[in-house]
Structure formats: structure tokens, C-alpha cells
Amino acid sequence: VGEGCQGNSIVYKSKKAERFHVKMGGPGSGKGTQCEKVVAKYGYTHLSSGDLLRAEVASGSERGKTLQAIMQKGELVPLDTVLDMIKDAMIAKAGVSKGFLIDGYPREVKQGEEFEKKIGAPCLLLYIDAKGETMVKRLMKRGETSGRADDNEETIKKRLDLYYKATEPVITFYTSRGIVRKIDSELPVDEVFGHVAKAIDDLK
Ligand SMILES: Nc1ncnc2c1ncn2[C@@H]1O[C@H](COP(=O)(O)OP(=O)(O)O)[C@@H](O)[C@H]1O
Ligand SMILES: Nc1ncnc2c1ncn2[C@H]1C[C@H](O)[C@@H](COP(=O)(O)OP(=O)(O)O)O1
Ligand SMILES: [Mg+2]
């Protein structure tokens, strides 16, 4: 584990160095698909901000109702809400995790800055890159079965716009740190994973 990757925060009770990998890419680019494969091969803890938020919605809480309304519009939920959820999920696994794979966060540069203040710096950013039209096609297909309130044409368009406006600058931010690996996600799933695994193995 590289020295520079070490989380320096009250989150960690163990002395073991922790690794943070961040997975970025537009909606429907294939982040969730690749994360599943990374978990199977490397045993990292996968934390998806979207999954954490959807779990809150499913709980039926008042907070969940507010979140659902925001997600349905394709907008970002407040930074503090999502960062607290990720932090709590990390604390729950601290000490037993081999490393964290964070999917869907940061969505804007400010989220990256706050993560580093409260938790630590990531050691690898996997940029899962697909064309806009590919993302739309995949999301429309996913929408046939996902039951997700945001997998419809109107919301998909808003999510893509927001991605280009707010989230792509995050990649520029981390490129200056030299931790970005861009992965072509137009390829078949297993080929994409070959490149993802190579990027992770290159860390060692
Ligand atoms: N490399 C790929 N080739 C074809 N389809 C893919 C690929 N990666 C993902 N998909 C499909 O695209 C959809 C969105 O993938 P998902 O992993 O949920 O994306 P994200 O988490 O980035 O929104 C899923 O239905 C998935 O099966
Ligand atoms: N880091 C974050 N900050 C604010 N809102 C977030 C967020 N992560 C997820 N959300 C909200 C807004 C997203 O449109 C919605 C679904 O996120 P997601 O499941 O990560 O989408 P996808 O995997 O299709 O890119 O949840
Ligand atoms: Mg996803």
C-alpha cells in the first residue's frame, strides 16, 4: 500500500493502511458493473453513493422522501447528506476492509475536497468512459427492469447534462494529481474489466 494513499482521519481505528479507489464516469457508463467485478477479484468494499441513497429512500424515512424527490429530478442531493452516509459506511467497515471502492462520489469538485478533509486522499481514480449516446442507450435499457425513478428519458438527459457540467471537472482536478486511469467502456464488459484490473495491479 502506497504511503501517499493512507487515510489520515479519526475514521480509522486500525493501524492498517487503507486504500481508497474512486470510480468515476457518467450515468450508465458501467461503474456499478465494473465495481461488482472488482469486489469479486480484489475483495474491496464497494460503496455506491446512489445505493446508499436508495437504501435511505427504501427505508421510508422522511429524509428518504426528500432525497427521492431530488433524485427523480436528476439533481444532486446535499453534499453533507451523502458524505455522512459514505463516512458512516466506511466506519462500519474500518479495520476489516482491504480497501474501499467508492462509486458515484465525488460528483463535483467540492465533494472531492470535503472527502479529503474528512476522510483522506484517494490513490486511484478509475475513469469509466463511454460516449453520451452509449450511456443513454444503456440507461434506457436498464430502465426497462431497474424500477429506478431516474432511469427515464427526461431524467437521463438532465443527469447527463449535470455530469458534463459538474462531474467531469472532478476528473481534471485529479488528473493534476496523476492518479487518473481512463478506461474505454465502449468495449464488452470483460474487456473493460481487463483494463480496470490492470490499473489496479499497476498500483502494487
Ligand atoms: N461494457 C459494457 N457493454 C455493454 N453494456 C454495458 C457495459 N457496461 C455496463 N453495461 C450495461 O449498461 C447499464 C448501466 O451499467 P451500470 O453499471 O449500472 O452503470 P452506472 O453504475 O455507471 O450507472 C447496465 O444495464 C449494464 O448491463
Ligand atoms: N455523490 C453524490 N452527490 C449528490 N447526489 C448523489 C451522489 N451520488 C448519487 N447521488 C444522487 C443523484 C443521482 O442522480 C442519483 C443516482 O446516483 P447513481 O446510482 O450513482 O447513478 P448512476 O450509477 O446511474 O450514475 O443519486
Ligand atoms: Mg451505478
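Both ligands and their constituent atoms are indexed starting at 1 by order of listing. Numbers for residues simply follow the sequence, beginning at 1.
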(request) Applying salt bridge (charged side-chain N to carboxylate O under 4.0 Å, His left out) between D161 and each of K165, K158, K157, report the one that passes. (result) K157
Name the closest protein heavy atom to [atom], giving the residue it belongs to and the distance to 0.1 Å.
| atom | value |
| --- | --- |
| atom 23 (O) of ligand 2 | K31 NZ, 3.8 Å |
| atom 5 (N) of ligand 1 | R138 NE, 3.5 Å |
| atom 10 (N) of ligand 2 | L53 CD1, 3.3 Å |
| atom 8 (N) of ligand 2 | S49 OG, 2.7 Å |
| atom 19 (O) of ligand 1 | G30 N, 3.2 Å |
| atom 23 (O) of ligand 1 | G28 N, 2.8 Å |
| atom 21 (O) of ligand 1 | G32 N, 3.0 Å |
| atom 26 (O) of ligand 2 | M71 CE, 3.4 Å |
| atom 1 (N) of ligand 1 | L187 O, 2.8 Å |
| atom 26 (C) of ligand 1 | T33 OG1, 3.8 Å |
| atom 18 (O) of ligand 1 | R142 NH1, 2.7 Å |
| atom 17 (O) of ligand 2 | R107 NH2, 3.0 Å |

Could [X] and [Y] be called an ion pair, given the rule that one side-chain N must be under 4.0 Å from one carboxylate O?
| X | Y | value |
| --- | --- | --- |
| D51 | R54 | yes |
| D151 | R159 | yes |
| K117 | E114 | yes |
| K141 | E144 | yes |

(message) Between Q34 and V189 (side chain of the first, backbone of the second, donor and acceptor by atom type, cut-off under 3.5 Å), is there such a pair?
(response) yes
(request) Give a yes/no verdict on whether any heavy atom in E108 is under 4.0 Å from an atom of ligand 2. (result) no
(request) Using non-hydrogen atoms of the residue, decide whether R142 is closer than 4.0 angstrom to ligand 2. (result) yes
(message) Quick check on E36: does its CD atom have over 12 non-hydrogen neighbours (other residues, nucleotides or ligands) under 6.0 Å away?
(response) no
(request) Can you establish whether the number of heavy atoms outside E75 located under 6.0 Å from its atom CD is more than 12? (result) yes
Within-cut-off N or O pair, [X] and ligand 2, under 3.5 Å:
| X | answer |
| --- | --- |
| V77 | yes |
| R148 | yes |
| D103 | no |
| L139 | no |
| R159 | yes |

(request) Go through T155 and Q72 one step at a time and tell me if the side chain to side chain donor-acceptor pair (under 3.5 Å) criterion holds. (result) CA-CA 7 Å; T155 311; Q72 204 151 10; over 6 Å; no
(request) Under the side chain to side chain donor-acceptor pair (under 3.5 Å) rule, what do D103 and H46 come out as? Steps first, then yes or no, please. (result) CA-CA 7 Å; D103 162 13; H46 174 209; 3.0 Å; yes
(message) Please list, in number order, the atoms of ligand 1 under 4.0 Å from a heavy atom of S185.
(response) 1 (N)
(message) At less than 4.0 angstrom from any non-hydrogen atom of G26, what atoms of ligand 1 do you find?
(response) 22 (O)
(message) Tell me whether G50 reaches ligand 1 (any heavy atom closer than 4.0 angstrom to a ligand atom).
(response) no
(request) Would you please determine whether G25 falls within less than 4.0 Å of ligand 1 on a heavy-atom basis? (result) no
(message) I need the atoms of ligand 2 closer than 4.0 Å to a non-hydrogen atom of Q111, numbered in the order shown.
(response) 1 (N), 2 (C), 3 (N), 4 (C)
(message) According to a hydrophobic-cluster definition based on side-chain heavy atoms being under 4.5 Å apart (Ile, Leu, Val, Met, Phe, Trp, Tyr only), do L162 and L83 belong together?
(response) no
